[in-house]
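Only heavy atoms go into these numbers, but all of them, side chains included; no hydrogens, no water, no symmetry mates.
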Amino acid sequence: MWSTCVTNHNHGYNTPKMSNFKSQLSHILELSGELTSITELEPLLHRIAAAAQELTGTESAGILLHAPASQDLRFVTVTTHADVILDIPIPLEGSVAGACFTGDEAVIVQNAAADPRYFRLPEEISGFAARALLAVPLEYRGRRIGVLEAENKRDDTPFDADDVAILTALAAHATIAIENARLLRDLQAEQGRLESEVAARTVELAQQNRQLQTEIAEREAAQALVIRQQRALAAYEERARMSRELHDGLGQALGYINVIAQATETLLQKGESQAARANLQQLAHAAREAHAEVRGDILDLRTTRPATPLDLYTALRAATDQIQARYGLRVILRLPPQEASPLLAPHTEEQVLRIIQEALTNAGKYARATRVEVTFSRIGEQVQVTVTDDGIGFDAKQRESERQTGDRRPASGFGLSIMRERAERVGGQLEIQSAPGEGTRISLLVPQGFGAGSEVESIAGLRVLLADDSPLFLDGLRQLLLSRGVSVVGMARDGLEALEKARALHPDVAVLDLNMPRCDGLEATRALKAELPEIKVVILTASEDAEPLYEAIRSGASGYLLKSLEANSFCALLAGVLRGEVSLAPGLAEQLLTEFARATKAPEAELLTPRQWDILRQVAQGRTYKEIAVELFLSEKTIKYHMGQILERLQVRNRAQAVAYYKKRET
């Protein structure tokens with residue numbers, strides 16, 4: 001309708017009003033360049049309002065901008081308050097400006113007081129009353145951004161088509177300028193935000209660099225400490241080995257030489273030269289053997305005797321013949337029939353042979369026995385060896401008390417301790433029964449299957465990290481593993497300490513207690529497998545509950561063992577972990593299958609662990625992985641690992657889908 005009015009002007013006569021209209025249009029074109037040069041939004045809005053007032057010859061003009069968030073118009077500027085930006089809400093329904101914004105054309109109100117659409121809030125705030133008003137939409141590329149208004153013609157003439165055309169033309173140029181100013185404002189804000197982020201990131205990277213340098217220094221110090229500890233441990237183990245070897249070899253030989261020398265001296269005093277000469281020959285033979293053995297120890301060749309006899313029975317017969325000759329003992333061997341396969345593994349045979357030698361030597365040297373009986377028998381999958389003598393005996397209870405308190409006697413007491421160590425090294429048990437005047441019975445029980453399977457050899461040298469909040473259990477487990485040749489590189493009291501030591505020590509296997517303070521075994525397993533996936537993890541627990549068993553396997557554990565397991569079974573299962581097997585304590589496999597079947601039908605709440613729901617909740621709140629890691633005392637890698645598990649368990653493809661799933665679940 002208004003364009004028709006403008007067309008009529010073009011076909012009318014060249015009246016003064018027509019000339020004024022053309023002059024105003026020309027002035028709008030000049031204003032266009034001025035408006036686009038104003039880059040700040042507030043001065044631009046004031047200039048547009050002033051131009052509207054000037055071109056329409058009105059007492060006041062103002063601009064209303066659309067607010068998408070509140071779905072209304074906001075009266076932002078008016079010429080009667082040219083020094084401020086207002087924020088007066090104007091509803092889309094029930095107002096002249098709203099009718100213009102939502103309608104198809106400009107709106108003219110010649111008598112504002114009588115029009116029900118006249119919204120009086122601006123009048124109440126500004127104190128300016130509109131008698132008549134003209135409103136045209138601000139539209140940019142088919143999208144309306146607000147309304148341009150003019151109020152009260154100065155000459156009190158009514159608004160006409162020329163006023164509509166002039167204000168509409170100005171609105172077209174004004175809208176472009178407003179959008180450009182808004183875009184520039186947003187770009188500047190984004191630039192400021194990016195500069196702030198770059199500055200913050202620079203500070204963060206500098207802090208991380210300092211932290212990394214500190215961690216590198218700490219790790220180097222920890223590695224240096226580990227190397228010193230390993231050297232000290234190696235030296236200790238070597239001293240212990242040399243002590244045992246010297247006791248078993250040179251110590252026994254010197255003891256024998258001492259006894260024979262005293263006997264020879266007595267014979268010479270009695271004038272029994274022939275018997276003394278025979279003793280001297282035995283002394284010479286024993287001295288040559290001791291010399292050869294010492295030389296072998298020095299050169300680490302052990303040429304006089306193989307470390308692992310090919311035939312236990314042959315080696316045992318040779319040893320008993322030698323001891324019978326030295327001490328005048330009568331040794332009776334009761335051996336099982338020879339079989340095609342060895343009764344015990346070579347490693348176990350070596351220790352059993354040494355234990356029997358020590359028992360026979362003690363019987364002849366200290367117990368003054370005349371008869372010793374050595375018996376082999378099978379008890380299920382175990383082999384029992386008993387050594388019984390008719391000597392003077394000793395107080396076994398007192399000797400055991402001395403052993404536990406560390407008060408070892410220099411001779412036989414030390415030998416008994418070495419015998420126990422040898423038994424424990426091959427997963428065996430040693431029992432000593434003796435009383436003064438009643439002889440001595442030594443009973444050795446070793447697992448045949450354990451020895452035959454060479455499980456001790458397969459875990460020897462293994463580097464293990466232990467974590468348990470019980471100091472007693474921790475020390476006991478350490479002793480058990482050390483006795484089987486396993487290197488315990490570190491011990492921790494909780495999951496967080498275990499993580500720190502795993503980063504510094506890089507063990508082959510981490511054995512973690514299920515229930516620990518600060519960070520339990522399951523949480524530590526997830527963190528370890530996320531950060532150090534090459535480390536195998538074994539969970540220890542006192543309970544046979546299937547739920548944590550299932551969660552442990554899902555978290556990456558390679559084994560789940562009960563603390564009540566017999567030592568040999570524990571080592572056998574540990575050897576299975578090294579072979580890449582998932583090792584479970586006996587009876588737990590069926591529970592795992594049952595729990596797996598139950599978990600496949602688990603309700604929604606059990607899809608994730610409580611910790612994973614917590615992480616997903618914080619991610620849905622917009623928190624970064626780093627922020628979550630700091631709050632939960634975990635590494636950022638661990639949080640990322642958890643998110644991977646969350647995506648897999650919820651069967652979604654990305655984080656956005658996981659967040660959407662969480663929000664839908666919470667509504």
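Closest of all the heavy-atom pairs between Ala524 and Cys519 is N-SG, 3.7 Å. Smallest separation of non-hydrogen atoms from Arg623 and Glu627: CA-OE1, 3.4 Å. Ile615 approaches Ile628 most closely through the heavy-atom pair O-CD1, 4.1 Å. Ala67 and Arg74 get closest at one heavy-atom pair: CB-CG, 3.9 Å. Nearest heavy-atom pair, Leu477 versus Leu466, reported as atom, atom and distance to 0.1 Å: CD2-CD2, 3.8 Å. Here the closest heavy-atom approach between residue Gly62 and residue Ala49 is recorded as CA-CB, 4.4 Å.
Atoms CD and CZ, on Glu190 and Arg185 in that order, are 13.0 Å from each other to the nearest 0.5 Å. Leu138 contributes atom CG, which lies 10.5 Å from atom CD of Glu149 (distance to the nearest 0.5 angstrom). Here the CZ atom belonging to Arg182 is positioned 5.0 Å from the CD1 atom belonging to Ile145, to the nearest 0.5 angstrom. If you take NE2 on His27 and OG on Ser32, they are separated by 12.0 Å, rounding to the nearest 0.5 Å. Once rounded to the nearest 0.5 Å, the distance linking CD1 of Ile88 with CG of Asp72 reads 12.0 Å. With rounding to the nearest 0.5 Å, the separation of CG in Leu170 from CD1 in Ile166 is 9.0 Å.
Under the side-chain hydrogen bond (donor to acceptor under 3.5 Å, both in side chains) test applied with Thr79, the options His46, Gln53, Glu151 reduce to a single match, Gln53. Glu523 pairs in a salt bridge (charged side-chain N to carboxylate O under 4.0 Å, His left out) with only one of the listed residues (Arg611, Lys529, Arg518), which is Arg611. For the side chain to side chain contact (heavy atoms under 4.5 Å, CB included) with Arg493, the qualifying choice from Pro471, Pro517, Ser470 is Pro471, the only one to do so.
Formation of a donor-acceptor pair under 3.5 Å by the Glu531 side chain with backbone atoms of Leu528 is not found in this model. Listed for the Asn152 side chain is a donor-acceptor partner under 3.5 Å among the backbone atoms of Ala129. The closest donor-acceptor contact from the side chain of Arg463 to the backbone of His506 lies under 3.5 Å. Without hydrogens or angle criteria, Lys501 side chain to Met491 main chain gives a donor-acceptor distance under 3.5 Å. Side-chain N or O atoms of Ser487 include none that pairs as donor or acceptor with a backbone N or O of Val489 at under 3.5 Å.
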Walk me through it: do Leu167 and Leu55 pass the test side-chain contact (heavy atoms from CB on, under 4.5 Å)? CA-CA 8 Å; Leu167 201 58; Leu55 290 169; over 6 Å; no

task: May I have the step-by-step check of salt bridge (Lys or Arg N to Asp or Glu O under 4.0 Å) for Glu179 and Arg141, ending in yes or no?
output: CA-CA 11 Å; Glu179 286 296 284; Arg141 294 184 178 179; over 6 Å; no

Problem - side-chain contact (heavy atoms from CB on, under 4.5 Å) between Leu86 and Val76, intermediate numbers included - result: CA-CA 4 Å; Leu86 306 173; Val76 294; 5.6 Å; no

Using the rule given for side-chain hydrogen bond (donor to acceptor under 3.5 Å, both in side chains), can you reason through Gln211 versus Gln207, listing the C-alpha separation, both sets of side-chain angles and the distance that settles it, and then say yes or no? CA-CA 6 Å; Gln211 182 180 357; Gln207 292 175 344; over 6 Å; no

- Report the C-alpha distance between Leu35 and Leu44 in whole Å, list the side-chain angles of each, state the deciding distance to 0.1 Å, and finish with yes or no for side-chain contact (heavy atoms from CB on, under 4.5 Å). CA-CA 7 Å; Leu35 296 178; Leu44 175 64; 3.9 Å; yes

- Task: Run the numbers on Leu73 and Leu92 for side-chain contact (heavy atoms from CB on, under 4.5 Å), then give the verdict.
- Result: CA-CA 7 Å; Leu73 295 170; Leu92 293 179; 3.7 Å; yes

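Within the 4.5 Å cutoff, the side chain of His81 has no heavy atoms near those of the Phe128 side chain. Side-chain contact between Val538 and Lys536: absent, with no pair of heavy atoms (C-beta onward) separated by less than 4.5 Å. In this structure, the side chains of Thr58 and Leu134 stay at 4.5 Å or more apart for every pair of heavy atoms. Proximity of Leu632 to Asp614: side-chain heavy atoms (C-beta onward) are separated by under 4.5 Å at one or more points. Contact annotation: the side chain of Val619 approaches that of Arg655 to within less than 4.5 Å [non-hydrogen atoms, C-beta and beyond]. Contact annotation: the side chain of Leu45 approaches that of Leu41 to within less than 4.5 Å [non-hydrogen atoms, C-beta and beyond]. Considering only heavy atoms from C-beta on, Asp494 stays 4.5 Å or farther from Asp469 through its side chain. When side chains are defined from C-beta on, Leu616 does not count as touching Gln612, because their heavy atoms never get closer than 4.5 Å.
Residues Glu215 and Arg503 are not paired through a salt bridge, judged by the lack of any N-O separation under 4.0 Å between the basic side chain and the carboxylate. A salt bridge links Glu59 with Arg131; the closest basic N to acidic carboxylate O contact falls under 4.0 Å.
In this structure, Glu93 places its CD atom where only 12 or fewer heavy-atom neighbours from other residues, nucleotides or ligands lie under 6.0 Å away. By the neighbour-count criterion of 12 heavy atoms within 6.0 Å, atom CG of Asp104 is sparsely surrounded, having that number or fewer from other residues, nucleotides or ligands. The number of heavy-atom neighbours closer than 6.0 Å to CD of Gln208, taken from other residues, nucleotides and ligands shown, is above 12. Atom CZ of Arg154 has more than 12 heavy atoms from other residues, nucleotides or ligands within 6.0 Å.
Aromatic ring pairs are classed by plane angle as parallel below 30°, tilted from 30° to 60° and perpendicular above 60°; the pair Trp613 and Tyr662 is tilted.
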